[in-house]
2 protein chains.
Amino acid sequence: MSDLLERLRRRGWRMTAQRRVIAQILDGDHVHLTADEVHTRAARLLPEISRATVYNTLGELVVLGEVAEVTVDGRAKRYDPNTRRPHHHLVCTRCGTIRDVHPTGDPLTRLPADRRLGFTVATADIVYRGLCPDCGVGSTA
Amino acid sequence: MSDLLERLRRRGWRMTAQRRVIAQILDGDHVHLTADEVHTRAARLLPEISRATVYNTLGELVVLGEVAEVTVDGRAKRYDPNTRRPHHHLVCTRCGTIRDVHPTGDPLTRLPADRRLGFTVATADIVYRGLCPDCGVGSTA
DNA sequence: TCTTGACTTGGACTGTGTCCATCGTAGGAT
DNA sequence: ATCCTACGATGGACACAGTCCAAGTCAAGA
């Protein structure tokens with residue numbers, strides 16, 4: 001993800017200050033931000049940036065495949081810049097922390113053709129839920 | 001799910017007309033309804049039923065484990081009365097149809113302890129995405 | 001039948017996201 | 001270096017999903 005700006009420029013993106021800021025934020029290791037969190041961080045660097053621009057830009061990045069939308073609950077969508085290698089998500093049911101995980105094997109092999117109900121299946125997203133180390137057994141926090 | 005009313009009564013639920021109607025709707029084979037769809041159907045039988053009651057009742061049914069919340073996109077949560085046997089979901093990326101599927105094996109075994117990042121993992125939800133038979137290759141619908 | 005606390009109601013409110021008319025500007029053309 | 005213009009940004013209204021609350025209603029036990 002580290003040459004995101006360069007890749008976007010090659011795709012013909014007009015390089016505005018707003019897009020640069022948003023790309024920088026996603027390029028950091030701040031993963032799984034909501035659109036609102038991206039907006040808050042962006043506004044620290046560019047105070048007048050609008051929510052609409054953040055939504056537009058995130059939407060475009062998703063279409064380009066540069067970031068992935070993650071929906072782990074009914075709340076705000078989260079934006080995951082780690083599209084380099086496939087992964088799934090581990091969510092703490094207590095504090096909401098989200099981490100990337102890499103299960104063994106390919107989940108699609110677990111769904112043979114005769115169980116696909118005639119669908120042409122393209123992807124599988126897995127959300128594992130449980131307690132993170134901080135919230136686990138014995139925690140009173 | 002067919003003795004839902006009976007099970008609820010045994011759990012000490014006060015049996016109101018509203019709760020009866022909602023339980024009946026979920027008891028049918030109308031799976032994966034949104035809260036709003038439940039409200040619409042309920043209002044056909046009980047015109048004055050309020051949205052708040054539908055939300056309250058669905059929430060209670062989720063806590064009791066009688067229905068499961070399913071979030072496949074960022075839109076409205078869906079309520080799945082099939083909690084009898086574990087299953088996952090297959091979503092058509094074109095028309096939005098949702099079907100229950102039963103992959104082979106247990107997805108938790110694909111995440112060995114050394115990949116759990118210290119989490120105590122309890123559940124795994126898989127969302128498979130693709131095209132349903134009606135929307136598949138060759139379809140112009 | 002009476003009583004009471006659990007349940008329901010409707011409306012206000014919040015959070016998340018979209019839309020749109022208008023304004024501004026990046027970047028190619030000159 | 002300057003001009004043009006189409007693409008992008010803005011902000012405010014709007015839509016949708018869900019929550020909250022004070023007041024009224026009623027199921028079910030006494």
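Just so we're on the same page: letters track the sequence lines, and every chain starts at 1. This one's a predicted model, so the numbers in the text were calculated from it and none came from an experiment.
In summary, contact between chain B and DNA chain C, defined as any nucleotide atom under 4.0 Å from a heavy atom of the protein, begins and ends at C:dG5 to C:dG10 in the 5' to 3' direction.
The NE2 atom of B:H39 sits 15 Å away from the C1' atom of D:dC16 (whole-angstrom rounding). If you measure from atom CD of A:E48 to atom C1' of D:dA9, you get 11 Å, rounded to the nearest angstrom. Remark: P of D:dC7 and CZ of A:R19 are 11 Å apart, rounded to the nearest angstrom. Taking atom CZ of residue A:R11 and atom C1' of nucleotide D:dG8, one finds them 18 Å apart after rounding to whole Å. Going from atom CG of A:L8 over to atom C1' of D:dG8 covers 14 Å, rounded to whole Å.
Ion pair B:R7/B:E66 flagged as a salt bridge, since at least one NZ, NE, NH1 or NH2 atom sits closer than 4.0 Å to an Asp/Glu carboxylate oxygen. Contact check on B:R10 versus B:E6 returns a salt bridge, with a Lys/Arg side-chain nitrogen under 4.0 Å from an Asp/Glu carboxylate oxygen.
OP1 or OP2 of D:dT10 has at least one side-chain nitrogen or oxygen of A:T53 nearer than 4.0 Å.
The closest side-chain donor-acceptor pair between A:D100 and A:H88, if any, does not fall under 3.5 angstrom. Counted by atom type alone, A:D125 and A:H89 present zero donor-acceptor pairs between their side chains at under 3.5 Å.
Interatomic distance, OG1 of A:T93 versus CZ of B:F119, reported as 9.0 Å (0.5 Å rounding). Interatomic distance, A:H39 NE2 to A:L33 CG, rounded to the nearest 0.5 Å: 13.5 Å.
Taking 4.5 Å as the limit, every side-chain heavy atom of A:I98 sits out of range of all side-chain heavy atoms of A:V31.
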- Per-nucleotide protein contact string for nucleotides 19-30 of chain D (B base, S sugar-phosphate only, - none; heavy atom under 4.0 Å): BB-----BBS--
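Nearest to the side-chain atoms of B:A76 among the listed nucleotides D:dG8, D:dT10, D:dA17 stands D:dA17.
Atom CZ of A:R99 has 12 or fewer neighbouring heavy atoms from other residues, nucleotides or ligands inside a 6.0 Å radius.
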